[in-house]
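Everything numeric here is computed off the predicted structure, so don't read it as measured data. Scope of the values below: all heavy atoms of this structure, side chains included, with no hydrogens, waters or symmetry mates.
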Amino acid sequence: MENKFKRTTVTSALPYANGPVHIGHLAGVYVPADIYVRYLRLKKEDVLFIGGSDEHGVPITIRAKKEGITPQDVVDRYHTLIKESFKEFGISFDIYSRTTSKTHHELASEFFKTLYDKGEFIEKTSMQYYDEEAHQFLADRYITGECPHCHAEGAYGDQCEKCGTSLSPTDLINPKSAISGSKPVMRETKHWYLPLDKHEGWLREWILENHKEWRPNVYGQCKSWLDMGLQPRAVSRDLDWGIPVPVEGAEGKVLYVWFDAPIGYISNTKELLPDSWETWWKDPETRLIHFIGKDNIVFHCIVFPAMLKAEGSYILPDNVPSNEFLNLEGDKISTSRNWAVWLHEYLQDFPGQTGCIALCIDSQCPRNKRQRFYLERFSST
């Protein structure tokens, strides 16, 4: 069948700048994306490969508090480390930028304001966990507890890293503050929500009818969410680190990282191509593909498309390839739990051997014992 697209925009998930990149990131997202982009380039097709650091996540503020430094100090350190690691490893981004850039702040604010002015948000007052010792509201990742699904301890208020289930803070059993360790209380606060239920009809048709070719793990997770019925999702948070909500009456509130971060794909493209970026995001003859990990499926297949549709001028992703987690000694690799093989350390220990990091499974490969120790313990779930 003739290709209906003139060009392809390829994005890879934005890693949190709260730690280095690890081999799970590479095997799940960046190596597959890079292979695909190189394939398109070999075919002489028009393609852009967009990457960047996600610098407004709560894990960043948690690390800053632990180290007694500012969130900006944290993201400056890790953005530089991540960018250099990708460069040395050979991931061929056309641009690798960041969500603290001036371009991103302006575009994310403009995007929110457009939806706000169109009446695409609903404003709700709700009860949210509050830390009386720290005197602040607790965003999702500032709350930990027992997962209601797999009963693992240490699940976050937005997701259980053990089973991968998306959560709400009130789902947790025996919640506690990640700041003070105390039991939080409920207090009233106001936020803006994207009414995903309003978009459920077209999302169901678009995914379940028009994209049956998506990978089973992606299609299945989307179907599960849609079958449960979509609910409004908050797009703002009570935090002092992030992009301020650009409307009156929003003092002390910033854009929710999962509203802010995917716009980073667009702002990074704009930074690279200030005069022609819209061609790569708004022309129907452009194919958009997101390479992600399994924990990002709902945001890239449901939340971000709903944002793009609500704005009205953007194309939607044509495919969202997602891989499963990579395990290390039977446990999910995790930056926040410091359980990983870090790319920058691997590159220091094995210069010139990057081709083996996630691809070499030849038992006769002549590498030293430490490298073989790493490779023999990688197993995908």
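Remark: side-chain polar atoms of Thr114 are paired, donor with acceptor, to backbone N or O of Glu110 under 3.5 angstrom. Here the side chain of Arg233 pairs no donor or acceptor atom with the backbone of Pro195 at under 3.5 angstrom. For Glu200 (side chain) and Leu230 (main-chain N/O), a donor-acceptor pair under 3.5 Å exists by modelled atom type. Looking only at distances, a side-chain donor or acceptor of Asp171 sits under 3.5 Å from a matching main-chain atom of Ser168. When atom types are taken as modelled, the side chain of Ser109 and the backbone of Glu106 share no donor-acceptor pair closer than 3.5 angstrom. In terms of modelled atom types and a separation under 3.5 Å, the side chain of His199 and the main chain of Leu196 share no donor-acceptor contact. A donor-acceptor pair is defined here as one N or O able to donate and one able to accept, closer than 3.5 Å; no such pair exists between the side chain of Ser53 and the backbone of Glu55.
His79 contributes atom NE2, which lies 14.5 Å from atom CG of Asn18 (distance to the nearest 0.5 angstrom).
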Next on the checklist: Working note: Asp76 + Arg98, criterion side chain to side chain contact (heavy atoms under 4.5 Å, CB included); need CA distance, chi angles, decisive distance, verdict.
Outcome noted: CA-CA 10 Å; Asp76 286 345; Arg98 56 198 307 190; 2.7 Å; yes
Next on the checklist: One pair to check against side chain to side chain contact (heavy atoms under 4.5 Å, CB included): Tyr219 and Leu208. What are the steps and the verdict?
Outcome noted: CA-CA 7 Å; Tyr219 187 89; Leu208 302 187; 3.7 Å; yes
Item to check | Verdict with supporting geometry, Val21 and Phe86, side chain to side chain contact (heavy atoms under 4.5 Å, CB included) | outcome: CA-CA 8 Å; Val21 172; Phe86 279 140; 3.8 Å; yes
Next on the checklist: What verdict does the side chain to side chain donor-acceptor pair (under 3.5 Å) test give for Thr165 and His149, after you've listed the backbone C-alpha separation in whole Å, the side-chain angles of each residue and the deciding distance to 0.1 Å?
Outcome noted: CA-CA 8 Å; Thr165 303; His149 298 277; 4.9 Å; no
Next on the checklist: Set out, in order, the CA-CA distance, both residues' side-chain angles and the distance that settles side chain to side chain donor-acceptor pair (under 3.5 Å) for Thr189 and Gln128, then state yes or no.
Outcome noted: CA-CA 7 Å; Thr189 186; Gln128 183 177 326; 4.7 Å; no
Item to check | Intermediate values then yes/no, side chain to side chain donor-acceptor pair (under 3.5 Å), Asp73 and Thr70 | outcome: CA-CA 5 Å; Asp73 292 333; Thr70 69; 3.0 Å; yes
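Applying the ring-ring contact (aromatic ring centres under 6.0 Å, His included) test to Phe112 and every residue at least two apart in sequence or in another chain returns Phe121, Phe259. For Glu271, the side-chain hydrogen bond (donor to acceptor under 3.5 Å, both in side chains) test picks out Ser97, with sequence neighbours left out. Applying the ring-ring contact (aromatic ring centres under 6.0 Å, His included) criterion to Trp206, with sequence neighbours excluded, gives Trp202, His211, Trp214. Residues satisfying the side-chain hydrogen bond (donor to acceptor under 3.5 Å, both in side chains) test with Ser177, not counting sequence neighbours, are Asp131. Partners of Arg237 by salt bridge (charged side-chain N to carboxylate O under 4.0 Å, His left out), not counting sequence neighbours, listed by chain and number: Asp140. Considering only residues two or more places apart in sequence or on other chains, Tyr78 meets the ring-ring contact (aromatic ring centres under 6.0 Å, His included) condition with none of them. Residues passing the side-chain hydrogen bond (donor to acceptor under 3.5 Å, both in side chains) test with Asp94 are Arg41, sequence neighbours excluded.
Contact record, Ile263 with Ala108: CG2-CA, 4.0 Å, taken as the closest heavy-atom pair. In plain terms, the two heavy atoms of Gly264 and Thr99 that are nearest each other are CA-CG2, 4.4 Å. Across every non-hydrogen atom of His22 and Ala340, the tightest pair is CB-CB, 3.5 Å. Listed here is the closest heavy atom pair of Gly51 and Leu14: C-CD2, 4.1 Å. The minimum heavy-atom distance linking Glu120 with Leu194 is given by the pair O-CD1, 4.1 Å. Residue Cys147 comes nearest to Ile173 through the heavy atom pair O-CD1, 4.3 Å, listed as atom of the first residue, atom of the second, then distance.
The side chain to side chain donor-acceptor pair (under 3.5 Å) pairs that include a residue from residues 298-308 are Tyr265-His300, where partners are two or more places apart or lie in different chains. Among residue pairs with one or both ends in residues 40-63, those qualifying as ring-ring contact (aromatic ring centres under 6.0 Å, His included) are Phe49-Phe93, His56-His105, His56-Trp241; sequence neighbours excluded.
Taking a cutoff of 4.0 Å between a charged side-chain nitrogen and a carboxylate oxygen, Lys270 and Glu278 do not qualify as a salt bridge. In this structure, Asp34 pairs ionically with Arg38, as a charged nitrogen and a carboxylate oxygen lie closer than 4.0 Å. Remark: Asp46 does not engage Lys6 in a salt bridge, criterion side-chain N to carboxylate O under 4.0 Å. The residues Glu45 and Arg7 are annotated as not salt-bridged, no charged nitrogen and carboxylate oxygen being separated by less than 4.0 angstrom. A salt bridge links Arg77 with Glu67: the closest approach of a Lys/Arg side-chain nitrogen to an acidic carboxylate oxygen falls below 4.0 angstrom.
Think of Ile143 as one node in a network of Ile, Leu, Val, Met, Phe, Trp and Tyr side chains linked at under 4.5 Å; its network also takes in Val58, Ile62, Met127, Tyr129, Leu138, Tyr142, Leu167, Leu172, Ile179, Met186, Leu239, Val254. Grouping Ile, Leu, Val, Met, Phe, Trp and Tyr residues whose side-chain heavy atoms lie under 4.5 Å apart, directly or via other members, places Ile122 in a hydrophobic cluster with Tyr193. Applying the under-4.5 Å side-chain rule to Ile, Leu, Val, Met, Phe, Trp and Tyr, the cluster around Phe137 extends to Tyr130, Val185.
Side-chain contact between Val320 and Ile292 is present, with at least one heavy-atom pair separated by less than 4.5 Å. By the 4.5 Å heavy-atom criterion applied to side chains, Ser322 and Asn296 are not counted as neighbours. The closest side-chain heavy-atom distance from Val298 to Cys222 is not below 4.5 Å. At least one side-chain heavy atom of Arg215 sits under 4.5 Å from a side-chain heavy atom of Asn323. With contacts defined as side-chain heavy-atom distances shorter than 4.5 Å, the pair Lys124/Lys190 does not qualify. Here the side chains of Phe291 and Tyr36 are in contact, with some heavy-atom distance below 4.5 Å. Side-chain contact between Phe111 and Tyr314: present, with at least one pair of heavy atoms (C-beta onward) separated by less than 4.5 Å. Thr8 is listed as a side-chain neighbour of Leu40, based on a closest heavy-atom distance under 4.5 Å.
Under 3.5 Å, the side chains of Lys282 and Ser313 contain a donor-acceptor pair of N or O atoms. A donor-acceptor contact under 3.5 angstrom links the side chains of His191 and Ser236, judged on distance only. If you check the side chains of Thr103 and Ser101, you find no donor sitting under 3.5 Å from an acceptor. Side-chain contact of Asn217 with Glu324: a donor-acceptor pair under 3.5 Å is present, judged by distance alone. A side-chain N or O of Trp281 and one of Thr269 form a donor-acceptor pair less than 3.5 Å apart.
Cation-pi geometry between Lys83 and Tyr96 is not satisfied (NZ or CZ under 6.0 Å from the ring centre, within 45° of the ring normal).
In terms of hydrophobic clustering, with Ile, Leu, Val, Met, Phe, Trp and Tyr side chains grouped at heavy-atom distances under 4.5 Å, Val303 and Leu115 are assigned to a common cluster. Cluster annotation: Phe304 is connected to Leu255 through the hydrophobic network of ILVMFWY side chains, with a link wherever side-chain heavy atoms come within less than 4.5 Å.
The environment of Lys118 atom NZ is dense: over 12 non-hydrogen atoms of other residues, nucleotides or ligands sit within 6.0 angstrom.
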